[in-house]
Amino acid sequence: MRGVAEVKEPCNLPMLSVDMENKENGSVGVKNSVENGRPPDPADWAVMDVVNYFRTAGFEEQANAFQEQEIDGKSLLLMTRNDVLTGLQLKLGPALKIYEYHVKPLQTKHLKNNSS
């Protein structure tokens, strides 16, 4: 006779807050804090953290490319403009926005925080 499965309470992980007001450059503001369920330093992100970051930023389809290529935080921080534009096989428009408004600022912030 099988036992009844124990019902666990739903996980209460904080969600990443997104400022849905579009910026002048066409990007969506993403607030990156400790409360978003990911480590604050992108170098510590797992593949799914990277995927969820781009999904939350409005790049659902493109986020799958990061998952297929197994791009984690360390890999993301090493990506060049050319990697994003050609290596992930994304449409040009979204690829440009992803690099200019997300990858490059994450790289700059990481470098600034770790240059001490």
Side-chain angles (χ1 to χ4, degrees):
M1 192 167 166
R2 286 189 165 172
V4 177
E6 181 181 334
V7 177
K8 295 183 180 181
E9 292 184 26
C11 183
N12 291 324
L13 289 177
M15 297 297 290
L16 174 68
S17 64
V18 176
D19 176 9
M20 292 309 288
E21 179 181 330
N22 286 337
K23 306 295 182 198
E24 288 180 23
N25 58 19
S27 69
V28 176
V30 177
K31 297 176 184 175
N32 190 9
S33 65
V34 176
E35 295 85 36
N36 66 13
R38 284 192 294 275
D41 185 356
D44 298 330
W45 292 0
V47 172
M48 286 312 297
D49 293 325
V50 173
V51 170
N52 290 331
Y53 173 84
F54 287 109
R55 283 184 179 153
T56 305
F59 296 101
E60 179 73 33
E61 185 179 322
Q62 293 79 14
N64 295 331
F66 287 89
Q67 187 171 12
E68 289 170 10
Q69 294 297 322
E70 299 179 12
I71 304 294
D72 62 5
K74 288 180 182 167
S75 300
L76 182 69
L77 293 173
L78 292 172
M79 292 185 83
T80 65
R81 184 175 186 266
N82 192 50
D83 292 334
V84 176
L85 295 180
T86 61
L88 295 174
Q89 300 176 342
L90 302 175
K91 290 183 180 178
L92 182 59
L96 286 168
K97 288 178 183 174
I98 285 171
Y99 182 75
E100 290 297 323
Y101 305 133
H102 296 282
V103 175
K104 193 163 124 180
L106 286 170
Q107 291 170 335
T108 302
K109 183 179 178 184
H110 175 75
L111 187 61
K112 181 179 148 189
N113 291 342
N114 293 295
S115 64
S116 306

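Residues: numbered from 1 along the sequence shown.
Ring geometry for Phe54 against Phe66 counts as parallel: the plane angle stays under 30°, on a 0 to 90° scale with 60° as the upper cut.
Counting heavy atoms from C-beta on, the side chains of Tyr53 and Leu106 come closer than 4.5 Å. In this structure, the side chains of Asp41 and Asn113 stay at 4.5 Å or more apart for every pair of heavy atoms. Here the side chains of Gln67 and Met48 are in contact, with some heavy-atom distance below 4.5 Å.
Taking the side-chain hydrogen bond (donor to acceptor under 3.5 Å, both in side chains) definition, one finds that Gln69 meets it with nothing, sequence neighbours left out. Under the side-chain hydrogen bond (donor to acceptor under 3.5 Å, both in side chains) criterion, Gln89 pairs with no residue at all, not counting sequence neighbours. The side-chain hydrogen bond (donor to acceptor under 3.5 Å, both in side chains) check on Asp44 picks up nothing, with sequence neighbours excluded. Applying the salt bridge (Lys or Arg N to Asp or Glu O under 4.0 Å) criterion to Lys74, with sequence neighbours excluded, gives no partner residue. Every residue two or more places apart in sequence or in another chain was checked for a salt bridge (Lys or Arg N to Asp or Glu O under 4.0 Å) with Glu61, and none qualifies. Taking the side chain to side chain contact (heavy atoms under 4.5 Å, CB included) definition, one finds that Thr86 meets it with Asn82, sequence neighbours left out.
Residue pairs meeting the salt bridge (Lys or Arg N to Asp or Glu O under 4.0 Å) criterion with at least one member in residues 51-60, sequence neighbours excluded, are Arg55-Glu60. Judged as a ring pair (Phe, Tyr, Trp, His ring centres under 6.0 Å), not a single pair has a partner in residues 70-96 (not counting sequence neighbours).
Under the 4.5 angstrom side-chain criterion for Ile, Leu, Val, Met, Phe, Trp and Tyr, the cluster partners of Leu96 are Leu85, Leu92.
For Glu100 (side chain) and Arg81 (main-chain N/O), no donor-acceptor pair under 3.5 Å exists by modelled atom type.
Separating the OG1 atom in Thr80 from the CD atom in Gln107 is a distance of 8.5 Å, to the nearest 0.5 Å. Atom CD1 in Ile71 sits 8.0 Å away from atom CG in Asp83 (nearest 0.5 Å). A distance of 7.0 Å separates CH2 in Trp45 from CG in Leu76, rounded to the nearest 0.5 Å. One distance of note links CG of Leu90 with NZ of Lys97; it measures 13.0 Å at 0.5 Å rounding.
Residues Met79 and Tyr99 approach most closely at O-CE1, 4.1 Å, considering heavy atoms. Between Asp72 and Val50, the closest heavy-atom pair is C-CG2, 3.6 Å.
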